[in-house]
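Read through the structure below, which is laid out as structure tokens, and then see the notes.
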Number of protein chains: 2
Amino acid sequence: MQLSTKARYATRAMIELAFNYGKGPMQLKEIARRQDISEKYLEQVLFPLRTKGYIYTQKGSRGGYSLSMAPEEITLYDIIQTVEGSLAPVACVDNAGACNRVDICVTRDVWSRLKNIVIQELKSINLADLVVEQERKKKESGSNIMYQI
Amino acid sequence: MQLSTKARYATRAMIELAFNYGKGPMQLKEIARRQDISEKYLEQVLFPLRTKGYIYTQKGSRGGYSLSMAPEEITLYDIIQTVEGSLAPVACVDNAGACNRVDICVTRDVWSRLKNIVIQELKSINLADLVVEQERKKKESGSNIMYQI
DNA sequence: ATAATTCCTATTATTATAGTAGTATTTATT
DNA sequence: AATAAATACTACTATAATAATAGGAATTAT
Ligand code: FES
Ligand code: FES
């Protein structure tokens, strides 16, 4: 039940973009540097977020990444689901064909509920929430240090 | 966020033992056969459940496995936590030293809540619940077939 | 004594994750 | 038009975790 680093990297990068929202494109190199993530790997991690339309990329010189909608509109669920795929703890929750006796299985209902409550929780948090919370923590801790997550 | 087969095998085996509760020891071979799990692998999977005291094993001829407490007293959390270890989606939730800026991290709180709601859900279901539900499903489906999960 | 069982340890195989590398394409700037 | 700086794309490699297999030691009812 561990979250993949892919999901964590994507979340961290998206928070960077949320901080940068409205300020033009931010380069991959910069995101990777600030978050201490391999550039090439981050590139692959972010790719599906682009195809799903959460981020907009501008190619060429002075290009970069930016959110393609307001931070309020992007939830943690959107991000994690996009890079991790389904949040079902077992395959048959999404695809009944994956197990051979789904009609009589007692745990499937449990896994299904589990999936739902996780989704619900992740949907309840958007990037704007995280930015606000980040600012609050920064102020509270008196630290002006670059954040890292 | 996939559940390991280890966790699923353990759950299935424990449900078998719950069905067999009060009827003496049940052999590993029998559990493995009914659930179509490799004997040798299941042996390893069940081992920690014994050391944690959820199951009692009798060695030697006519030996076998049995629950060491009533099915009501064993929750899915007990089983899964025992074989999978912590349910924290990221390491720093259990061990603040795992990340370097836990004081200022905004997602850590999210992961922590996620862990808690999953635990709460898994704790709410015990083996007796599953046995009852299994019987109900069997009756409802009119099927007398050996169950499989 | 024997047969049937769990206990223990080591090894291997398989899969998924994480990371690296190199080239192609696009675009702002000069 | 040339150049430099960026993303896009594809392929490969390394690492780690999971799943499975194997064989013998210890125990116990018969
Ligand atoms: S039917 Fe898939 S876990 Fe039971
Ligand atoms: S401190 Fe561990 S995820 Fe942020």
Side-chain angles (χ1 to χ4, degrees), chain A residues 1-13 16-17 20 24-33 35-68 80 83-86 88-91 98, chain B residues 1-13 16-17 20 24-33 35-68 80 82-86 88-91:
Chain A
M1 299 293 277
Q2 279 269 118
L3 213 59
S4 68
T5 64
K6 209 148 83 174
R8 292 188 297 113
Y9 286 179
T11 305
R12 288 158 64 176
E16 286 286 348
L17 292 179
N20 202 58
M26 183 175 192
Q27 277 105 47
L28 182 70
K29 197 195 299 182
E30 173 74 358
I31 305 173
R33 189 186 58 72
Q35 292 290 337
D36 191 28
I37 298 172
S38 146
E39 278 180 52
K40 285 297 199 177
Y41 191 42
L42 187 56
E43 189 181 310
Q44 292 171 61
V45 168
L46 295 182
F47 184 77
L49 288 162
R50 175 181 146 253
T51 60
K52 276 250 205 144
Y54 296 115
I55 58 189
Y56 166 80
T57 57
Q58 165 128 23
K59 290 173 87 169
S61 185
R62 303 264 171 156
Y65 293 67
S66 45
L67 295 187
S68 42
I80 290 175
V83 302
E84 289 253 87
S86 170
V90 302
Chain B
M1 299 291 277
Q2 279 267 118
L3 213 59
S4 68
T5 64
K6 209 148 84 174
R8 293 188 298 111
Y9 286 179
T11 305
R12 289 158 65 177
E16 285 287 347
L17 292 179
N20 202 58
M26 184 174 190
Q27 278 106 45
L28 181 70
K29 196 195 300 182
E30 173 74 358
I31 304 174
R33 189 186 58 74
Q35 291 291 336
D36 192 28
I37 299 171
S38 143
E39 277 180 51
K40 285 296 198 179
Y41 191 43
L42 186 56
E43 191 182 307
Q44 293 171 60
V45 167
L46 295 183
F47 184 79
L49 289 162
R50 175 181 145 254
T51 61
K52 276 248 204 142
Y54 297 115
I55 58 188
Y56 166 80
T57 58
Q58 164 128 22
K59 290 172 86 170
S61 186
R62 303 265 172 152
Y65 293 66
S66 46
L67 295 186
S68 43
I80 291 175
T82 299
V83 302
E84 289 253 86
S86 169
V90 302

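Throughout, protein chains are lettered first and strands after them, A, B, ... in sequence-line order, and every chain is numbered starting at 1.
Here B/Tyr56 lies out of heavy-atom contact (under 4.0 Å) with every strand.
The side chain of B/Gln58 approaches D/dA29 more closely than any other nucleotide in the set D/dA29, D/dA19, C/dA18.
A pairwise comparison of heavy atoms in B/Glu84 and B/Ala7 identifies CG-CB, 3.7 Å as the closest pair.
A/Lys40 places its NZ atom 13 Å from the P atom of D/dT10, with the value rounded to the nearest Å.
Contact between the side-chain N/O atoms of A/Arg62 and the OP1/OP2 oxygens of D/dA4 is not found at any separation under 4.0 Å. Residue B/Thr5 has a polar side-chain atom (N or O) positioned under 4.0 Å from OP1 or OP2 of D/dA19. Distances shorter than 4.0 Å separate some side-chain N or O of B/Lys29 from OP1 or OP2 on C/dT5. Remark: B/Ser38 is in phosphate contact with D/dT21, judged by side-chain N or O atoms under 4.0 Å from OP1 or OP2. Contact between the side-chain N/O atoms of B/Arg50 and the OP1/OP2 oxygens of C/dC8 is found at a separation under 4.0 Å. Using a 4.0 Å cut-off, some side-chain N or O of B/Thr57 falls inside it from OP1 or OP2 of C/dC7. Taking only side-chain nitrogens and oxygens, B/Tyr9 comes nearer than 4.0 Å to OP1 or OP2 of D/dA20. Distances shorter than 4.0 Å separate some side-chain N or O of B/Tyr65 from OP1 or OP2 on C/dC7.
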